[in-house]
Novice: 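Before I ask anything, let me first share the structure, which is written out below as structure tokens.
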Amino acid sequence: MNLEHVFVCGNPALDFAATLRARRTARFEMFATPDRLDAWYLESGIVDAVSPARPADVERATTVREAVYQLITARRRGADFDEEALAVVNDAARRAPAAPQLTHAGRWTAATQREALSTVARHAVELLSGPDVPLLKECGNPECTRISIDRSRGSRRQWCGMESCGNKIKAAAYRARRKTATPATG
């Protein structure tokens, strides 16, 4: 499994929820160690520097991640929010977020673990209460459980990303067609 974090979903909260990969099959945890959580915050661009994570921070982040995923899934399906998941996300969102600072070189955001997590939770609140809700779509790859914002023309996006899922599925379909094609008789 690729250990690089992928940001194809169109919103940091969706990308955060996607850090538990293949939820229906061979679940793969991207936050297996505290440094992987730190890497996600930095690679996502939410912060430029973050205090080193401890195991308790990873546990807190995965709890918020799972609550975000539950809420996104409920919103997509038009179902009511789970009260516990709602409380978890709201509790994280009400804490102080990462605050950007202006420097001579431009914007710089240094944060604690809780501030970085609050920023992600606030992205989830904005997403789930905003105009992009009807655009939420799960990837068409049966093994992938990423949910992304479909801003494609005609809302015809099938994959979370072509590199991560689309090319793989299209290549498999092509191979299957080639295998079942009968040779022309002459």
Novice: Just by modelled atom types, is the Cys9 backbone N or O under 3.5 Å from a matching donor or acceptor in the Asp15 side chain?
Specialist: yes
Novice: So, does Ser44 use its side chain to make a donor-acceptor pair with the main chain of Ile46 at under 3.5 Å?
Specialist: yes
Novice: Do Leu37 and Met30 come within less than 4.5 Å of each other through their side chains, counting heavy atoms only?
Specialist: no
Novice: Between Phe7 and Phe16, does the ring centroid distance fall short of 6.0 Å?
Specialist: no
Novice: Got more than 12 heavy atoms from elsewhere within 6.0 Å of CZ, Arg77?
Specialist: no
Novice: At their closest point, which heavy atom of Thr25 faces which heavy atom of Glu143, and how far apart are they?
Specialist: OG1-O, 4.2 Å
Novice: Mark yes or no for whether Thr119, through its side chain, and Glu115, through its backbone, hold a donor-acceptor pair below 3.5 Å.
Specialist: yes
Novice: Going by atom types alone, do Asp38 and Gln113 pair a side-chain donor with an acceptor below 3.5 Å?
Specialist: yes
Novice: Would you check if the side chain of Asp48 reaches a backbone N or O of Leu42 as a donor-acceptor pair within less than 3.5 Å?
Specialist: no
Novice: Could you tell me whether a side-chain N or O of Thr109 sits under 3.5 Å from a main-chain N or O of Ala99, the two making a donor and an acceptor?
Specialist: no
Novice: Any non-hydrogen side-chain atom of Gln70 less than 4.5 Å from a side-chain atom of Arg75?
Specialist: no
Novice: Which heavy atom in Val68 sits nearest to a heavy atom in Ala13, and how many Å separate them?
Specialist: CG1-O, 3.9 Å
Novice: Give the table of side-chain donor-acceptor pairs shorter than 3.5 Å for residues 52-61, with sequence neighbours excluded, one pair per line with atom names and distance.
Specialist:
| from | atom 1 | to | atom 2 | distance (Å) |
| --- | --- | --- | --- | --- |
| Asp57 | OD1 | Arg60 | NH1 | 2.9 |
| Asp57 | OD2 | Arg54 | N | 2.8 |

Novice: To the closest 0.5 Å, what do you measure between CG (Leu14) and CG (Leu127)?
Specialist: 5.0 Å
Novice: Roughly how far, to the nearest 0.5 Å, is the OG1 atom of Thr73 from the CD1 atom of Ile147?
Specialist: 4.0 Å
Novice: Indicate every side-chain donor-acceptor pair of residues 80-93 with a distance under 3.5 Å to a residue at least two apart or in another chain.
Specialist:
| from | atom 1 | to | atom 2 | distance (Å) |
| --- | --- | --- | --- | --- |
| Asp82 | OD2 | Glu84 | N | 3.1 |
| Asp82 | OD2 | Ala85 | N | 2.8 |
| Asn90 | ND2 | Leu86 | O | 3.3 |

Novice: Could you walk me through whether Arg23 and Glu66 pass side chain to side chain contact (heavy atoms under 4.5 Å, CB included), step by step?
Specialist: CA-CA 11 Å; Arg23 290 173 181 269; Glu66 292 310 299; 2.6 Å; yes
Novice: Just verifying a value: how many Å separate Ile72 CD1 and Ser148 OG, rounded to the nearest 0.5 Å?
Specialist: 10.5 Å
Novice: What I'd like to find out is whether the side chain of His123 reaches to under 4.5 Å of the side chain of Asn11, using heavy atoms alone.
Specialist: yes
Novice: Does Arg95 offer a backbone N or O that forms a donor-acceptor pair with the side chain of Ser118 under 3.5 Å?
Specialist: yes
Novice: Could you please spell out the steps behind the side chain to side chain contact (heavy atoms under 4.5 Å, CB included) verdict for Arg146 and Glu138?
Specialist: CA-CA 6 Å; Arg146 285 189 190 113; Glu138 188 172 66; over 6 Å; no
Novice: Are the side chains of Arg107 and Leu102 in touch, meaning some heavy atoms are under 4.5 Å apart?
Specialist: no
Novice: Tell me, do Arg21 and Thr145 make a side-chain contact under 4.5 Å, heavy atoms counted?
Specialist: no
Novice: Which pair of non-hydrogen atoms, one from Val125 and one from Ser129, has the smallest distance, and what is that distance?
Specialist: O-OG, 2.7 Å
Novice: For the residue pair Thr19 and Arg65, confirm or rule out a side-chain donor-acceptor distance under 3.5 Å.
Specialist: yes
Novice: Any side-chain heavy atom of Leu20 sitting closer than 4.5 Å to one from Arg27?
Specialist: yes
